[in-house]
Amino acid sequence: MATATKTKTQSKKDTAKKFDKETYLTWFESMLMMRRFEEKSGQLYGQQKIRGFCHLYIGQEACAAGAVSALERGDKYITAYRDHAHPLALGSDPGRIMAELYGKETGLSRGKGGSMHIFDKENNFVGGHGIVGGQIPLGTGLAFAEKYNKTGKLCICYLGDGAVRQGSFHESLNLAMTWKLPVIFVIENNGYAMGTSVQRTSNVTELYKLGEAFDIPSEPVDGMSVEAVHESVSRAAERARKGEGATLLEFRTYRYKGHSMSDPAKYRTKDEVEEYKRKDPIEQVRETILAKKYATEEELLNIDKKIKKTVEESVAFAEQSEFPPVEQAMEDIYAQSDYPFIVD
Amino acid sequence: MRTIQFREALREAMSEEMRRDKSVYLMGEEVAEYNGAYKVSQGMLEEFGPDRIIDTPIAELGFTGLGIGSAMNGLRPIIEFMTFNFSLVAIDQIINSAAKMLYMSGGQYNVPIVFRGATGNAGMLSAQHSQNFENWYANTPGLKVLIPSNPYDAKGLLKSAIRDDDPVIFMESEVMYGEKGEVPEEEYLIPIGVADVKREGKDVTIVSFGKIIKVALEAARELEKEGISAEVIDLRTVRPIDYAAIVNSVKKTNRLVIVEEAWPLAAISSEITYHVQKNAFDYLDAPIQRVNSLDAPLPYAPNLIDVILPSVKRTVESVKSVTYR
């Protein structure tokens, strides 16, 4: 079997050497931006400024930040409905993401997508998909097009631990490896499919092992370590760009909050949540920065202040923006501009 | 004019478009090395190679979603379903992804893709292989649904479908693939959403589409012998529907019968009936009648099939009813 599985991630000491000051500061800023943005989103949801379903990324920040630092501009990103953070990491305007959460015309999806359907074509973020597992064949298709057009680009396709039980996951992995498509499948395993723990959904709870059925190189990764995420994605990207096909990465991570805003997460103990918080990805990076003297406490505090200001500005932008004009209800249904809709 | 088979018309449409546009590819079960389950894609692997004529495993959900993803990233796939009965395991991707993408991305991602294959009964194939889902797909905003009844329309409409920037459902029939019809050598396109008057008449309008229109045309010939002049309209497209063509004809004949292979509830016939009563009520001299399949799955036994499917006999009776004959 061609599968190269790794059971242990490299020690922090080894990996820390490989990354420079700039990388650490970028990670810190990127992840803190996600954290502050999501904290604010949670608050605003409580105030009913944000409605509908809203799934926060808090705790999982390394999974997005470590991939963006490892990949190239032009590589495509796709994920499920926990989708505010990836576009932030890719450089989308926080104001336009917040405006989308508000349902405003200035939102990235012009107020038609909401929290679950953020899209930013300019920054290669291809959504934001609401049916569990639905984005997996789509991401495989994004990669198919890259191969078809010989662009040298790839697709990184995120999914949750719940999605691995869908048929779409298994069909996509099979197609991707049979056709050697440049795709990286990333399971963000936060331990729970909504309220159902991984252990309750299958006998196979080491999720990376599912890739072995399709001869896909697969490995578990410490999803709380941005260095480990970066390195695993780098290896996968190299394989993809060399034409060796798909990789399956299982990022072991944790969400501090419930599945969605309406979930009090009573299926977990406080101890479990606290244990993961001790491995917080942002704290880990912070400690390294301070230890290596890449920045002072005060400088990091200033970054935090700057981020908080950006988040406040994004809220102000969303507040001040208008809801879409009513004509928008019947636009963007067809690319055809004069489609004859039923008027009655 | 030369005559070619329905399958050849489809093949010409796909091949011409693939020569014209490198982003067009064909994907599905048995389309390449087997030359197509119904030989529609015969010879295409040889011309276009395995990168553009692509055999898939039996994984409709997977390759449908893959096709949609590739369409969001610059390609123009033609996805063949061996029959649309099998599209049901992929319907999540068609409805939730293809039909919604442009809207929920606020206009950023359109999906130029064609899903094509056989629909409807095809001779004693029993309940799971004899279904019509035109009205299911036509119900969904974001999709277009085409269902030609002859080789000429098939070629012109398929070329338009491949060039269309929206997702198109294109429905054929196993029993039509071998049928011949006149198709010119020179290139032509048929616009989506325009009905075709197959036969002019003055006493009654019969609206139909797809292969079951043969029942309508046969009924029209029977009725002619009895002095009833039937106008037969082939919709060719059921989303969008060419309502104007129907209403204009009803204004002339004052009577309407709809012949449709699908089940009756929430069918294309129901929709047309609503539209005509709303927009041409004063022109109607009789209640609208429809001839659908009976409200039952299609069984294997041939005598039961005959009872269930729309027939010439039932169509003639419906016309006589609306003409009070």
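Here is the naming used below: chain letters follow the sequence lines, and residue numbers restart at 1 for every chain.
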Of the non-hydrogen atoms in [X] and [Y], which two are nearest, and what is the gap between them?
{"X": "B:Lys278", "Y": "A:Asp344", "value": "NZ-OD2, 3.2 Å"}
{"X": "A:Phe144", "Y": "B:Ile54", "value": "CZ-CD1, 3.5 Å"}
{"X": "B:Gly62", "Y": "A:Glu171", "value": "N-OE1, 2.6 Å"}
{"X": "B:Leu102", "Y": "A:Tyr334", "value": "CD2-C, 3.3 Å"}
{"X": "A:Tyr148", "Y": "B:Lys22", "value": "OH-O, 2.7 Å"}
{"X": "B:Gly69", "Y": "A:Leu142", "value": "O-CD2, 3.3 Å"}

Portion of [X] that has a non-hydrogen atom of chain B nearer than 4.5 angstrom:
{"X": "A:Asn149", "answer": "side chain"}
{"X": "A:Ile131", "answer": "side chain"}
{"X": "A:Tyr339", "answer": "side chain"}
{"X": "A:Leu175", "answer": "side chain"}
{"X": "A:Leu181", "answer": "side chain"}
{"X": "A:Lys147", "answer": "neither"}
{"X": "A:Ile342", "answer": "side chain"}

When heavy-atom pairs shorter than 4.5 Å are enumerated against chain B, which of [options] gives the highest number?
{"options": "A:Ile78, A:Asp120, A:Leu173, A:Ile118", "value": "A:Asp120"}
{"options": "A:Gly107, A:Gly167, A:Ser109, A:Gly128", "value": "A:Ser109"}
{"options": "A:Ala145, A:Gly134, A:Pro137, A:Gly111", "value": "A:Pro137"}

Kindly check if the number of other-residue, nucleotide or ligand heavy atoms within 6.0 Å of [atom1] ([X]) is above 12?
{"X": "B:Tyr188", "atom1": "OH", "value": "yes"}
{"X": "B:Gln128", "atom1": "CD", "value": "no"}
{"X": "A:Lys49", "atom1": "NZ", "value": "no"}
{"X": "B:Ile58", "atom1": "CD1", "value": "no"}
{"X": "B:Phe281", "atom1": "CZ", "value": "no"}
{"X": "A:Phe317", "atom1": "CZ", "value": "yes"}
{"X": "A:Glu122", "atom1": "CD", "value": "no"}

remark   = CG of B:Asn96 to CG of A:Leu138, rounded to nearest 0.5 Å, is 10.0 Å
key: Interatomic spacing from CZ in A:Phe125 to CD in B:Gln108 - rounded to 0.5 Å   = 10.5 Å
inquiry  = Do B:Ile192 and A:Gln336 have side chains that approach each other closer than 4.5 Å (heavy atoms only, starting at C-beta)?
reply    = no
inquiry  = Does any part of the side chain of B:Met104, heavy atoms only, come nearer than 4.5 Å to the side chain of A:His129, both counted from C-beta?
reply    = yes
query = Among side-chain atoms of B:Asn73 and A:Glu146, is any donor-acceptor pair under 3.5 angstrom?
reply = yes
Check: B:Tyr103 side chain, A:Ala329 main-chain N or O, donor-acceptor pair, under 3.5 Å = yes
Given a strict heavy-atom distance threshold of 4.5 Å, which part of [X] is in contact with chain A: side chain, backbone, both, or neither?
{"X": "B:Ser23", "answer": "backbone"}
{"X": "B:Phe63", "answer": "both"}
{"X": "B:Glu271", "answer": "side chain"}
{"X": "B:Ser105", "answer": "both"}

message = For residues 83-100 of chain B, which residue pairs pass the salt bridge (Lys or Arg N to Asp or Glu O under 4.0 Å) check, not counting sequence neighbours?
response = none
Partner chain A: residue of B:Asp51, B:Asn110, B:Leu75, B:Asp165 with the largest heavy-atom pair count (under 4.5 Å) = B:Leu75
note = Looking only at B:His275, B:Lys144, B:Met101, the option with the highest number of non-hydrogen pairs under 4.5 Å against chain A is B:Lys144
